[in-house]
Amino acid sequence: MAATGPVPFKDVDDGDVPAARDPKEEFGDLVVALPRKEQFLVGRLYRGFWLPEPYAPGILAFRRRFTPRPDDVVLTSYPKCGTTWLKALAFAAMARDAYPPAAADHPLRRLNPHACIPFMEDIFTERREAKLERLPSPRLINTHTPYSLLPETVTTGGGCKVVYICRDPKDMVVSLYHFLRRLQPDLSFADTFDSALDGTVPYGPMWDHILGYWHASVARPDRVLFLKYEDLLQNTGEHVRKLAEFMGRPFSAAEEAAGTVASVVELCSFDKMKNLEVNKTGATEGKYKSMAHDSFFRKGVAGDWVNHVSPEMATRLDEIFRDKFRGTALT
Ligand code: A3P
């Protein structure tokens with residue numbers, strides 16, 4: 001194992017890691033008292049956001065108990081906006097000394113990106129947070145928690161950095177629908193779309209989720225990096241450079257000359273990742289919701305919404321976002 005981080009979370013020995021306090025004991029009463037909405041997943045409204053009920057106590061425990069290190073990087077996203085890709089790119093770029101991206105034994109060729117970078121909702125729900133302490137620095141961690149609900153130690157703390165990725169909401173809804181249908185084959189696209197429109201979609205409203213991170217990135221650009229999936233698709237290399245620099249690991253002239261950026265892009269490309277044996281088989285480890293690895297790799301394009309969303313539906317969603325984003329530079 002590499003002496004410094006990041007190392008794949010799955011490779012960290014957790015044999016005798018003690019279980020943390022059960023977040024349901026600590027926050028269960030608070031959660032059951034919150035407004036409830038039965039969408040395709042049950043949601044609980046906490047401080048303006050519809051948290052997935054099974055994760056709500058864990059999110060509150062993360063908020064209360066997580067202690068960041070100054071060199072941690074927190075990868076954040078709205079679900080289905082490119083989390084898996086961001087995890088792969090960040091891991092490959094950040095760990096490139098220990099794991100050269102072109103190497104045949106790179107961890108991302110044997111592990112799904114979600115096995116490399118821990119998802120806080122799973123970790124705190126499953127009481128496995130002590131394992132986080134075993135990760136060598138710098139650590140990469142991941143969450144869908146809205147900015148305003150992140151631990152204060154992250155948003156006001158000294159060094160910790162945050163990277164956010166979002167996407168055209170219409171493509172996100174289509175992606176979410178296909179993802180959830182793996183769990184609920186009778187789910188209708190109309191219901192999924194309606195819950196995006198009324199804001200009750202998991203971690204919604206989407207516009208407030210995006211705005212929280214947007215405003216933070218404007219106020220603290222050295223601490224919060226705001227990315228868009230479509231921009232990454234258009235010029236992945238440029239964004240890998242930006243990401244690496246933001247995380248404090250800029251590519252050197254020698255690495256540029258050696259094609260290291262291109263190797264990172266190639267290793268994490270949709271076609272490469274989708275066709276790896278590890279991503280065609282198996283499932284994530286989350287006990288609450290284990291997802292088949294292949295469900296994280298569907299089409300990997302921008303604009304697939306045209307195959308599902310009518311022009312009228314598209315206009316309705318676009319208008320809400322236009323209205324909510326008025327006065328910001330967000331489009
Ligand atoms: P589609 O369903 O539109 O194909 P998340 O990782 O946040 O769950 O997002 C999943 C979306 O990102 C899916 O979109 C998936 O195909 C896409 N994706 C996953 N890996 C990718 C990669 N390496 N490059 C580009 N897109 C990727």
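Because only heavy atoms are used, hydrogens play no part in the values below, and waters and symmetry mates are left out as well, while side chains stay in. One-based numbering, in listed order, for ligands and for the atoms of each. Predicted model, so just to flag it, every value in this text is computed and none were measured.
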Within the 4.5 Å heavy-atom criterion, are K80 and Y229 side-chain neighbours or not? no
Heavy-atom pairs closer than 4.0 Å: do any link ligand 1 to the side chain of S77, the backbone, both, or neither? neither
Ligand 1 and [X], any nitrogen or oxygen pair closer than 3.5 angstrom?
| X | answer |
| --- | --- |
| G82 | yes |
| T83 | yes |
| G300 | yes |
| R298 | yes |
| C81 | yes |

Hydrophobic clusters here meaning ILVMFWY residues chained together by side-chain heavy-atom distances under 4.5 Å, can you tell me if V42 and L187 are in one? no
Can you get from M120 to L150 by hopping between Ile, Leu, Val, Met, Phe, Trp and Tyr side chains that sit under 4.5 Å apart? yes
Would Y164 and Y78 count as a ring pair (Phe, Tyr, Trp, His ring centres under 6.0 Å) here? Give the steps. CA-CA 8 Å; Y164 183 68; Y78 195 83; 8.3 Å; no
Is there a donor in the side chain of K87 and an acceptor in the side chain of N142, or the other way round, less than 3.5 Å apart? yes
Do Y99 and D105 have side-chain atoms, one donor and one acceptor, less than 3.5 Å apart? no
Taking atom 14 (O) of ligand 1 as the point of reference, which of R167, H114, K272 owns the nearest heavy atom? R167
Which option, F296, W305, F179, owns the non-hydrogen atom nearest atom 18 (N) of ligand 1? F296
Six-ring centre of F189, R181 cation under 6.0 angstrom, axis tolerance 45°: no
Enumerate the atoms of ligand 1 whose separation from the nearest heavy atom of [X] is less than 4.0 angstrom.
| X | answer |
| --- | --- |
| Y229 | 17 (C), 25 (C), 26 (N), 27 (C) |
| F297 | 16 (O), 19 (C), 20 (N) |
| K80 | 5 (P), 7 (O), 8 (O), 9 (O), 10 (C) |

Which residue and heavy atom of the protein sit nearest atom 23 (N) of ligand 1, plus the separation: C268 O, 2.9 Å
Between F325 and L211, is a side chain to side chain contact (heavy atoms under 4.5 Å, CB included) present by the stated rule, with each step listed? CA-CA 8 Å; F325 290 176; L211 278 170; 3.7 Å; yes
